[in-house]
There are 2 protein chains.
Amino acid sequence: MKDTTPIQLKEIGLKITPQRQAILKLLKGNETHPSAESIYSEISKKFPGISFATVYNTLSKLIEAGEIRELDIDPNKRRFDPCVAPHTHFYCQACGNIFDISHDFHLPLTIKRIDGHQVDVVQLNLKGVCKNCRKIP
Amino acid sequence: MKDTTPIQLKEIGLKITPQRQAILKLLKGNETHPSAESIYSEISKKFPGISFATVYNTLSKLIEAGEIRELDIDPNKRRFDPCVAPHTHFYCQACGNIFDISHDFHLPLTIKRIDGHQVDVVQLNLKGVCKNCRKIP
DNA sequence: TCATAAATTATAATAATTATAAAATAAGAA
DNA sequence: TTCTTATTTTATAATTATTATAATTTATGA
């Protein structure tokens with residue numbers, strides 16, 4: 001899902017720094033569900049000095065502010081999605097890529113309580129072999 | 001979901017070792033969705049010499065054989081479920097416990113293809129604050 | 001311009017998992 | 001039962017992702 005809603009750092013109480021602006025620019029409309037590592041290496045091209053801590057810190061603050069989401073789908077690392085609207089993801093166990101699935105599975109997105117537990121997040125994950133990897137035997 | 005189906009090591013081409021038997025015994029009917037660490041420390045009581053590699057190796061083989069499932073719900077570690085029948089899980093972001101949810105969300109469990117991708121796994125994850133943690137302010 | 005809280009960096013530490021190689025063992029054959 | 005061999009286990013080191021720490025730098029508002 002492409003989400004190009006601009007994130008206003010100031011409005012979520014964060015200082016505007018060039019590093020953060022670069023991270024936001026990279027995230028905006030990004031549909032690759034990047035990991036911290038891929039964000040770091042991309043940003044490094046423009047900011048050779050940026051540190052991993054900055055990437056993780058910024059991502060944590062953005063999650064806290066509800067501006068991005070973290071996905072629990074890649075067993076190896078954290079993956080981030082700038083699109084916070086609920087939608088299904090497909091994880092390819094061959095290449096590790098994550099694809100957005102726009103098909104509506106009619107999930108109970110408004111459920112607030114189940115078995116006495118308070119529900120804050122609902123995510124449907126599909127896993128298998130993606131379109132591209134299926135071609136390669 | 002309690003699954004007490006006995007796992008026959010021999011039938012899945014694995015040698016019967018005391019360590020593996022202990023791991024299987026611990027897994028059978030276990031509804032706590034243990035991590036490798038919790039399995040290791042539990043087994044260590046009976047087998048003080050067991051190594052982490054054995055735990056991970058055994059779990060990998062059991063997953064390969066389709067005898068247990070791995071959950072993508074705990075952002076910090078791998079969690080395992082001896083019950084392979086599809087069902088929903090709830091992860092408590094406060095205590096880290098995972099609960100089985102028996103409510104039927106009518107998931108498309110038989111879907112084999114979507115957007116050209118081959119679907120092998122469908123999992124619905126709920127996250128929030130569990131029953132017990134809600135009581136404690 | 002200044003003061004200050006916040007952010008960034010370099011670095012070290014931690015936690016989970018995987019790899020390696022030597023020693024031990026299960027299991028089938030003799 | 002003993003032997004043989006492939007498998008398994010163990011000890012250990014290595015790797016990977018992430019988090020913590022503390023010193024330095026910087027954004028921001030006075």
Side-chain angles (χ1 to χ4, degrees), chain A residues 7-26 33-65 67-68 70-80 91 93 96 98, chain B residues 7-26 33-65 67-68 70-80 91 93 96 98:
Chain A
I7 298 171
Q8 299 303 338
L9 286 170
K10 198 172 285 182
E11 288 174 18
I12 55 178
L14 299 180
K15 285 187 177 176
I16 297 164
T17 68
Q19 293 88 341
R20 283 181 176 164
Q21 285 175 305
I23 294 173
L24 288 182
K25 192 177 161 198
L26 184 147
H33 313 87
S35 63
E37 154 65 28
S38 71
I39 293 170
Y40 171 80
S41 53
E42 194 58 33
I43 303 287
S44 291
K45 293 177 187 167
K46 286 278 173 63
F47 288 85
I50 199 169
S51 93
F52 253 107
T54 300
V55 174
Y56 277 109
N57 282 341
T58 301
L59 291 169
S60 295
K61 302 255 172 164
L62 292 174
I63 289 168
E64 251 178 73
E67 296 289 342
I68 65 174
E70 185 176 353
L71 308 180
D72 293 300
I73 194 168
D74 183 335
N76 303 311
K77 49 176 88 83
R78 298 170 70 184
R79 302 283 291 256
F80 305 90
Y91 174 79
Q93 292 171 317
I98 296 175
Chain B
I7 298 171
Q8 298 304 338
L9 284 170
K10 199 173 284 182
E11 288 173 18
I12 55 178
L14 298 180
K15 285 188 177 175
I16 297 164
T17 68
Q19 294 87 341
R20 283 180 177 164
Q21 286 175 305
I23 293 173
L24 288 181
K25 192 178 161 201
L26 184 146
H33 313 87
S35 62
E37 154 65 29
S38 71
I39 292 170
Y40 171 80
S41 54
E42 194 57 33
I43 303 288
S44 292
K45 292 176 187 169
K46 286 278 173 62
F47 289 85
I50 199 168
S51 92
F52 254 107
T54 300
V55 174
Y56 278 110
N57 283 342
T58 302
L59 291 170
S60 296
K61 304 253 172 163
L62 292 174
I63 289 169
E64 252 178 71
E67 297 289 343
I68 64 173
E70 184 176 352
L71 308 180
D72 294 300
I73 194 169
D74 184 335
N76 303 311
K77 48 177 87 82
R78 297 170 70 186
R79 303 283 291 256
F80 305 90
Y91 175 78
Q93 292 172 316
I98 295 175

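Just so it is clear: chains get the letters A, B, ... in the order the sequence lines come, proteins before strands, and each one is counted from 1.
Counting to the nearest Å, the C1' atom of C:dT25 and the CD atom of B:Gln21 are 13 Å from each other. In this structure, the OH atom of A:Tyr40 is 16 Å from the C1' atom of D:dT19, given to the nearest Å.
For A:Gln19, counting side-chain heavy atoms from C-beta on, the closest listed nucleotide (C:dT8, D:dT28, D:dT19) is C:dT8.
Where the helix from C:dT1-D:dA30 to C:dA30-D:dT1 starts and where it ends, the local axes point in directions that differ by 30°; five pairs per end, rounded to 10°.
Contact annotation: A:Arg20 reaches the phosphate of C:dT8 (side-chain N/O to OP1 or OP2, under 4.0 Å). Within the 4.0 Å cut-off from OP1 or OP2 of D:dT19, at least one side-chain nitrogen or oxygen of A:Arg78 is found.
Here the straight-line distance linking atom NE2 of A:His33 with atom CD1 of A:Ile68 works out to 12.0 Å at 0.5 Å rounding.
Between B:Thr58 and B:Leu14 there is no side-chain heavy-atom pair separated by less than 4.5 Å. Taking the side chain as every heavy atom from C-beta outward, A:Asn57 and A:Gln19 never approach each other to under 4.5 Å.
Counting atom types as modelled, A:Lys15 pairs a side-chain N or O with a base atom of C:dA5 as donor and acceptor under 3.5 Å.
Within residues 50-57 of chain A, the residues approached by DNA chain C to less than 4.0 Å at the level of any non-hydrogen atom are A:Ile50, A:Ser51, A:Ala53, A:Thr54, A:Asn57, in residue-number order.
Between A:Thr58 and B:Ser60, the residue anchored nearer the 5' end of DNA chain C, judged by the nucleotide with its closest heavy atom, is A:Thr58.
Within the nucleic acid shown, A:Pro18 comes within 4.0 Å of sugar-phosphate atoms alone, with no base atom in reach, counting heavy atoms only.
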